[in-house]
Amino acid sequence: ADQRAVVDAFDLLGVGGEAAVRPGRRAFTYEGSYLPITSLHCFAEELGALPMIQLLKESLPRGRSTIESAQVFWVNEHEDDFALYESLESLFYKFPKKLELACLVDADLHGPSPVADPKKKKANDVLFQRNDDLATAVGPWAPGMLAVVAGPDAFQDQVVFHLTQVKGYPAECIIYF
């Protein structure tokens, strides 16, 4: 309900209106040594798409950055949670050779907390286990790749677990919004 209220508030925001977004428990910083960054792999849940849109607007135009390609995986619990879809779709049509966009509805996204061992409170990648297409669409890490994750902590934990434990991403090549 709280997330829906945020989407509704954005819908009511008029032309020239402003909104402030408070960052999550992690910050958007890249301290890795794998430069240049040539490929972005973005994972967003719900309004996590908002910072992704801004990042893509800045990094996809030719001459502004070293980014040659970007993949966006946007996961939501309901179809009507894709409130910012038109903005991402317009970027997709503007940069069809650089940008891949995948939207996934996962009705169990906010189910019980995904932990491999409840006693250790250790996260796992149940989101990727439930969605084979998503798991296979995310390729293994290679130098030049940077993953960007935006969404609630439980979502971030699953994505980071999958990227580091299954796909071989160095932790320093994953940044957060």
Side-chain angles (χ1 to χ4, degrees), residues 1-30 37 39-61 64-65 67-111 114 125-128 130-131 133-135 137-139 145-163 167 169 173-177:
D2 291 340
Q3 304 242 351
R4 185 78 239 160
V6 172
V7 171
D8 291 342
F10 276 112
D11 288 344
L12 296 173
L13 200 59
V15 174
E18 295 183 20
V21 179
R22 184 178 47 150
R25 64 185 163 119
R26 299 176 175 118
F28 179 73
T29 56
Y30 176 70
I37 298 168
S39 180
L40 285 177
H41 300 268
C42 304
F43 300 85
E45 180 189 343
E46 296 175 352
L47 292 177
L50 187 61
M52 294 295 177
I53 291 167
Q54 189 61 40
L55 176 66
L56 294 167
K57 281 182 179 179
E58 294 296 323
S59 61
L60 290 178
R64 285 195 186 174
S65 75
I67 303 301
E68 298 168 0
S69 65
Q71 287 183 306
V72 175
F73 301 98
W74 191 10
V75 183
N76 285 312
E77 191 171 26
H78 305 286
E79 283 185 36
D80 60 347
D81 291 336
F82 292 96
L84 301 170
Y85 181 78
E86 289 177 6
S87 297
L88 269 173
E89 184 182 46
S90 69
L91 281 172
F92 172 76
Y93 285 121
K94 189 173 183 178
F95 302 103
K97 293 180 181 177
K98 280 186 156 184
L99 179 62
E100 294 178 33
L101 174 60
C103 297
L104 173 70
V105 175
D106 184 334
D108 296 325
L109 190 59
H110 296 286
D125 63 346
V126 70
L127 169 65
F128 293 87
R130 277 194 314 263
N131 299 287
D133 289 339
L134 176 62
V138 178
M145 288 182 168
L146 179 67
V148 182
V149 185
D153 291 347
F155 174 78
Q156 288 186 10
D157 291 343
Q158 289 186 65
V159 172
V160 170
F161 182 92
H162 185 76
L163 294 177
K167 298 298 181 174
Y169 275 70
C173 292
I174 303 171
I175 55 177
Y176 311 88
F177 278 112

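All heavy atoms count here, side chains included; hydrogens, waters and symmetry mates do not. Bear in mind the structure is a predicted one, so any value in this text is a computation, not a measurement.
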As a quick check of understanding, evaluate side chain to side chain contact (heavy atoms under 4.5 Å, CB included) for V126 and Q158, giving each step before the final call. CA-CA 7 Å; V126 70; Q158 289 186 65; 3.2 Å; yes
Keeping [X] on the side-chain end and [Y] on the backbone end, is there a donor-acceptor pair under 3.5 Å?
{"X": "K167", "Y": "V138", "answer": "yes"}
{"X": "Q156", "Y": "G151", "answer": "yes"}
{"X": "D81", "Y": "H78", "answer": "yes"}
{"X": "K98", "Y": "L60", "answer": "yes"}
{"X": "K94", "Y": "K57", "answer": "no"}
{"X": "S65", "Y": "S59", "answer": "yes"}
{"X": "E100", "Y": "F92", "answer": "no"}
{"X": "N131", "Y": "D133", "answer": "no"}

May I ask you to decide if the ring planes of H162 and F128 are parallel, tilted or perpendicular, using 30° and 60° as cut-offs?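 Geometry flag for F128 against H162: parallel rings.
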Which of parallel (below 30°), tilted (30 to 60°) and perpendicular (above 60°) describes W74 and F82?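 The rings of W74 and F82 stand perpendicular, inter-plane angle above 60°.
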When rounded to the nearest 0.5 angstrom, what distance separates [atom1] in [X] from [atom2] in [Y]?
{"X": "F95", "Y": "L56", "atom1": "CZ", "atom2": "CG", "result": "9.0 Å"}
{"X": "L84", "Y": "M52", "atom1": "CG", "atom2": "CE", "result": "12.0 Å"}
{"X": "L88", "Y": "Y93", "atom1": "CG", "atom2": "OH", "result": "12.5 Å"}

Do you know which of D108, L109, D157 makes side chain to side chain contact (heavy atoms under 4.5 Å, CB included) with L127?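 Going through D108, L109, D157 one by one, the side chain to side chain contact (heavy atoms under 4.5 Å, CB included) with L127 is satisfied by L109 alone.
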